[in-house]
Amino acid sequence: MNSDTQLDFAVDFAGRVVNWQQQHGRHDLPWQKNRDRYRVWVSEIMLQQTQVGTVIPYFERFMARFPRVADLAAASSDEVLAHWAGLGYYARARNLHKAAKQVVQEWAAEMPAEQEALLALPGIGRSTAAAILSLTDGVCLPILDGNVKRVFARHAAIAEWTGALKTQKQLWALAEARMPADDARAYNQGLMDLGSQVCRRSKPLCEQCPVAGDCKARELGLTAQLPSPKPKKVLPQKSAAFLLLLNSDQELLLQRRPSAGIWGGLWCLPQYDDKAELKNALRHQYQNLAEPQPLAPLQHVFSHYKLSLEPYQLSLGRNSKMLTIAEQNERWVPFAALADYGLPAPILKLLNREFAALDLA
DNA sequence: CAACCGTGGCA
DNA sequence: TTGCCAAGGTT
C-alpha cells in the first residue's frame, strides 16, 4: 500500500482513477500522438478484441499508407484488406472502409464530433463512439470495454458473466453513474490502463490500485474469481478441402471469398466441403481429371468452431488446356506476389509449410 | 438475444 | 499443450 493510495482514499472513484492515470497511465501509445478523431477511430477499431501489442505494427503501417480519412476512402477494398490481413475480424476493415467513404461524402472528410453521427457509421457502437470523443475532445461519455468490465466487475463484485445482456445493462448503468463531469479523457484512459496494467485478468496488482480501498471483490476475497468466466461449450469440429492448383508458370490459383461469412472479402485458396466436391470442381470448372495429391491437414481453431484444413495439390502440365477463370474473383498469382494479397493466417501458414523455400510474408 | 466474426498472447 | 480471451459490433 503506497502513500498515494492512502491519500487518495478520500477522493471519489473517478478522481482516484484520474490522478492515477496522470501519474502511472499510458501516454505514449502511437494513437496518443498527433491525436485526432480519425487516428483514434482506426486504433479503436483495430483494438476491438485485439491486444495492444498485436495492433501497434498494424496501426503504424495502416496510418503510413492511409494518413487521412480521405486516403482511406480513396483506396481500393483489396488494398485496405491487405493492410488488415492477419488481424482477423475482417468485417472491421470492410466497415472502416465503408465508413470512411461516408465521412468524405457526408462530413466533408472531417470525422464528426457528435456521438449520434458516429453511431450512424458502420462498425462504431456506443463504446467506440464514446472512446473516440472522450479520448480526443474530452467529451464526457462512458466507455465499456473488456478492461472496464473487469474493473467494475471486481470493484462492485458483480458475479454474473459480464457478457450476459442483463449484466451488460447493469455495467452500463454503473459506467454512467461513475462518469465524472470533467477529465473524461484521463478518466476513460485511466479505466483502460487500470484494467490492462493493474486490474489484470491474472495476477492483479491490487497493492498498486487507486480504488482498492473500497473494492468489493477485494473485501470479499473474490478478486481471483471475478469476472466470472464465460460459460463454456464444446466447439464443433469442421473440415474443408483447399485446392493448391499450380499452372505451368508456377502460379497459384486464388479466389476472392464472398463478403459474408468467414474471411469475408479476402483472397484465398479455392475451398470445398470435402475431397469429392474439390474433384468435382476440378472436373467441371477446370477441365482436369488428374488426381490431386493430398497434403497433411492443418488444424485451426476459431472462436466458435475448429476447422481441419485438408489441402490437395495439383500441378497442371504444359499440355493442359488453358483454363478460363472468372476474372473478377479468380486469379493466377505468382508466388512472389502472394504477399500483396490479404491471405487468411492459416492459409499463409499452410503455404509457408508447403513452399518453405519461398519465405512468404 | 445469442450466434457470428480471426488471430495471437499467455498461463 | 490446451484453453481462455482480448480497447466490440452486427444480425
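Order of the sequence lines sets the chain letters (A, B, ...), proteins ahead of strands, with each chain counted from 1.
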Can you give me every donor-acceptor pair (side chain of residues 333-350 of chain A, partner residue at least two apart or in another chain, under 3.5 Å) with its distance?
from: A:Y341; atom 1: OH; to: A:R331; atom 2: NH1; distance (Å): 3.1

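Atom CG in A:L87 sits about 12 Å away from atom P in B:dG9, given to the nearest Å. Whole-Å rounding puts the A:K98 NZ to C:dT10 C1' distance at 11 Å. Look at NZ on A:K203: it is 12 Å from P on B:dC10, rounded to the nearest Å. Going from atom CG of A:L171 over to atom C1' of C:dG8 covers 14 Å, rounded to whole Å. Across the protein-nucleic acid pair, A:W161 atom CH2 and B:dC1 atom C1' stand 11 Å apart, rounded to whole Å. The CG-P distance, from A:L81 to B:dG6, rounds to 10 Å in whole Å. Spacing between atom OH of A:Y58 and atom C1' of B:dT7 amounts to 8 Å, rounded to whole angstrom units.
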Side chain to side chain contact (heavy atoms under 4.5 Å, CB included) between A:W267 and A:L81, worked out: CA-CA 9 Å; A:W267 289 89; A:L81 278 174; over 6 Å; no
A:L269 and A:L243: CA distance, side-chain angles, deciding distance, side chain to side chain contact (heavy atoms under 4.5 Å, CB included) verdict: CA-CA 6 Å; A:L269 296 174; A:L243 175 61; 5.9 Å; no
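Shown here is A:Q313, whose CD atom has more than 12 heavy atoms of other residues, nucleotides or ligands within 6.0 Å.
Distances shorter than 4.0 Å separate none of the side-chain N or O atoms of A:Y305 from OP1 or OP2 on B:dG6. The side chain of A:H300 places an N or O atom within less than 4.0 Å of a non-bridging phosphate oxygen (OP1 or OP2) of B:dT7. Between B:dC4 and A:H304, no contact under 4.0 Å exists linking OP1 or OP2 to a side-chain N or O.
Comparing A:K306 and A:L144 against DNA chain C, the residue whose closest nucleotide sits nearer the 5' end is A:K306. Between A:R94 and A:A164, it is A:A164 whose nearest contact on DNA chain B lies nearer the 5' terminus. Of the two residues contacting DNA chain B, namely A:A345 and A:L165, the nearest-nucleotide position lying further toward the 5' end is that of A:L165.
The residue A:I124 sits close only to the backbone: its heavy atoms come under 4.0 Å of sugar-phosphate atoms, none of a base. Contact annotation for A:I262: backbone-only contact, meaning every heavy-atom pair under 4.0 Å involves sugar-phosphate atoms and none involves a base. Within 4.0 Å of A:V301, counting heavy atoms only, lies at least one base atom of the nucleic acid.
As rounded to the nearest Å, C:dC4 and B:dA3 have P atoms that lie 16 Å from one another. Taking the P atom of each, C:dA7 and B:dC5 are spaced 23 Å apart, rounded to whole Å.
Looking at every heavy atom in both residues, A:R256 comes nearest to A:G265 through CG-O, 3.8 Å.
For the atom pair A:Q299 CD and A:S308 OG, the distance stands at 5.0 Å (nearest 0.5 Å).
Salt-bridge check for A:K169 with A:E160: failed, with every basic side-chain N at 4.0 Å or more from each acidic carboxylate O.
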Could you go through nucleotides 4-7 of chain C and list every protein N or O atom that sits under 3.5 Å from one of its N or O atoms, giving the distance for each pair?
from: C:dA6; atom 1: N3; to: A:Q49; atom 2: O; distance (Å): 3.3
from: C:dA7; atom 1: OP1; to: A:N147; atom 2: OD1; distance (Å): 3.3
from: C:dA7; atom 1: OP1; to: A:N147; atom 2: ND2; distance (Å): 3.2
from: C:dA7; atom 1: OP2; to: A:N147; atom 2: OD1; distance (Å): 3.0
from: C:dA7; atom 1: O5'; to: A:N147; atom 2: ND2; distance (Å): 3.2
from: C:dA7; atom 1: O4'; to: A:D145; atom 2: OD2; distance (Å): 2.7
from: C:dA7; atom 1: N7; to: A:E44; atom 2: OE2; distance (Å): 3.4
from: C:dA7; atom 1: N6; to: A:W31; atom 2: NE1; distance (Å): 2.7
from: C:dA7; atom 1: N1; to: A:R26; atom 2: NH2; distance (Å): 3.1

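Residue A:W31 forms a ring pair (Phe, Tyr, Trp, His ring centres under 6.0 Å) with just one option from A:F62, A:F59, A:Y38, A:W41, and that option is A:F59.
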